[in-house]
2 protein chains.
Amino acid sequence: MGVDERRQQLIGVALELFSRRSPDEVSIDEIASAAGISRPLVYHYFPGKLSLYEAALKRAAEDLADRFVEPHEGSLGSRLLRVMRRFFDFVDEHGRGFSALMRGGPAVGASATNVLIDSVRQAAYDQILSHMGIVDAPPRLELVVRSWISLAESTALIWLDGRRIPRKELEAQLVYDFAALAAVSAAYDEEMATLLRQMVKDEPPDGPFADLIGRLVALAS
Amino acid sequence: MGVDERRQQLIGVALELFSRRSPDEVSIDEIASAAGISRPLVYHYFPGKLSLYEAALKRAAEDLADRFVEPHEGSLGSRLLRVMRRFFDFVDEHGRGFSALMRGGPAVGASATNVLIDSVRQAAYDQILSHMGIVDAPPRLELVVRSWISLAESTALIWLDGRRIPRKELEAQLVYDFAALAAVSAAYDEEMATLLRQMVKDEPPDGPFADLIGRLVALAS
């Protein structure tokens, strides 16, 4: 194997291990053994566990950011639902590592990992705005989108802790939550109301947003 | 001053400094000077900056948890609104330190600070359930309450970053958001629908929940 190929292989092996356990529980010996190479050879490619962890995290972050990319086709609700499915796929695949990271990550290298987490949040934010056709978001829309992203993170973390609610239900719920948070903001701000009307005007009667409104009306009566 | 009195004074001085700047930017010299004592004397009471930071954080955590305590009087919406006001008072007072802490805190001592943060979240969760009169929350209610707490955190962090939306508006918005997230969950789950009906049955026509419903109906038409 060439240098770059070997590095990529080691990152893949490390990511696999870091996904299933907290970083503190994974040793270089274990990574070496899983990759079928010696411990000194691992150190030849990566100076230490932290640099390997950061490389694995970087690959996971790029993977997650890619999952937010969605064709500009169909209603916003259906696009968001597809993105939420891929988000939960990711959370499912990297469960233990995702929890450990979001609950503080390893003590060392905290600032580097925070920069990486923020870059994924920013990628998600940019994608959502592009699907809404908005370049310069007013403060209230920015708040709705960014705080909804954090809601998606916490919902996933709570799901991972026992998996007591089916993930399909939570994927749909987060789409409804997006509409609900936008509606609350729109109920008290004219600019947000205009944006919301624009956002739902192409929603089909059998889409998630219409379904939510129908059910809420039934619930209120 | 007695030993305990001096320790308490130092914690107060340190908390004041840690509230206005990131912990990395505050030096022991500065704390000593603000407390009017010598640097060696600070070390006499606290072995290092980290232990002083943790003591300050512990006091702030207790203070914040106390602000969630609210008399069991009046509607749930009005109680939540008072709690949100006190929460934003806290965020306002400790702005810079709150941001730094929630965005990863100091690299050292991350697990101790995470335990502290989780204890405050748990205190908030317990308070909300007690106001709803619920001892054993079903998974969907637990999800709504816990994910709403994280929404309150992220809303406060986004507010601190530029303060572009008046905090009064956000205090009310978080109360509406709570109702909205509960309603979304109730729209798809019978148990949550029953809980929601119980929750709003004592809401007065001039309370925040009734106001939200009125505005949403107006928005939809």
Side-chain angles (χ1 to χ4, degrees), chain A residues 24 103-111 113-115 117-118 138-140 142-144 146-155 157-159 161-165 169-170 172-177 179-181 183-189 193 196-197 211-220, chain B residues 24 103-111 113-115 117-118 138-140 142-144 146-155 157-159 161-162 164-165 169-170 172-177 179-181 183-189 193 196-197 200 211-220:
Chain A
D24 300 334
R103 292 191 187 284
V108 213
S111 67
T113 57
N114 282 333
V115 167
I117 294 172
D118 277 342
R140 284 167 187 79
E142 180 174 345
L143 176 75
V144 164
R146 290 199 192 275
S147 63
W148 175 80
I149 290 168
S150 92
L151 188 76
E153 290 171 20
S154 57
T155 298
L157 284 171
I158 295 165
W159 173 69
D161 186 13
R163 307 194 179 204
R164 289 175 295 155
I165 305 174
E169 187 180 323
L170 298 180
Q173 183 174 297
L174 280 165
V175 177
Y176 305 139
D177 286 344
L181 295 179
V184 165
S185 187
Y188 293 87
D189 182 76
L196 185 68
R197 282 192 202 99
D211 188 68
L212 174 65
I213 292 169
R215 281 172 180 263
L216 286 176
V217 168
L219 184 70
Chain B
D24 299 334
R103 293 193 187 284
V108 213
S111 67
T113 57
N114 282 333
V115 167
I117 293 172
D118 278 341
R140 284 167 187 79
E142 181 175 346
L143 176 75
V144 164
R146 290 199 192 275
S147 64
W148 176 79
I149 290 168
S150 92
L151 188 75
E153 290 170 20
S154 57
T155 298
L157 284 172
I158 295 165
W159 174 69
D161 186 13
R164 288 174 298 155
I165 305 173
E169 187 180 324
L170 298 181
Q173 183 175 298
L174 280 165
V175 177
Y176 306 137
D177 285 344
L181 295 179
V184 165
S185 187
Y188 293 87
D189 183 75
L196 184 68
R197 282 192 202 98
V200 297
D211 188 67
L212 174 65
I213 292 169
R215 281 172 180 263
L216 285 176
V217 168
L219 185 70

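All heavy atoms count here, side chains included; hydrogens, waters and symmetry mates do not. Sequence lines set the chain letters: A, B, ... in the order given, protein chains first and strands last, and positions in each chain run from 1.
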Heavy-atom pair of closest approach, residues S147(A) and T155(B) = CB-OG1, 4.1 Å

inquiry  = For L216(B) versus A183(A), what's the shortest heavy-atom pair and its separation?
reply    = CD2-O, 3.6 Å

key: Criterion side chain to side chain contact (heavy atoms under 4.5 Å, CB included) on L151(B) and W148(A), from CA distance to verdict   = CA-CA 8 Å; L151(B) 188 75; W148(A) 175 80; over 6 Å; no

ask   = Mind checking what makes side chain to side chain donor-acceptor pair (under 3.5 Å) contact with D118(A), not counting sequence neighbours?
value = R121(A)

key: Heavy-atom pair of closest approach, residues A193(B) and L219(A)   = CB-CD1, 3.7 Å

task = Might you point out which heavy atoms bring V184(B) and Y176(A) nearest each other, and give the distance in Å?
result = CG1-CB, 3.5 Å

note = Between the CG atom in L212(A) and the OH atom in Y188(B), the distance rounded to the nearest 0.5 Å is 5.0 Å

task = Against chain B, label D211(A) side chain, backbone, both or neither, depending on which of its atoms sit under 4.5 Å from a heavy atom there.
result = both

task = Check whether I117(B) gets within reach of chain A through its side chain, its backbone, both or neither, counting any heavy atom under 4.5 Å.
result = neither

ask   = Relative to chain A, which segment of E169(B) carries a heavy atom at a distance below 4.5 Å: side chain, backbone, both, or neither?
value = side chain

inquiry  = Could you tell me if the side chain of E142(B) sits less than 4.5 Å from the side chain of R164(A), heavy atoms only?
reply    = yes

ask   = Which distance, rounded to the nearest 0.5 Å, do you find between the OG of S185(B) and the CD of Q173(A)?
value = 5.0 Å

remark   = chain A shares the most heavy-atom pairs under 4.5 Å, among V200(B), L157(B), D177(B), with D177(B)

ask   = Side chain, backbone, both or neither: which part of L170(B) has a non-hydrogen atom closer than 4.5 Å to chain A?
value = side chain

query = Between S154(B) and S150(A), what is the shortest heavy-atom contact and its length?
reply = OG-OG, 2.7 Å

query = Using non-hydrogen atoms only, which part of R140(B) is less than 4.5 Å away from chain A: side chain, backbone, both, or neither?
reply = both

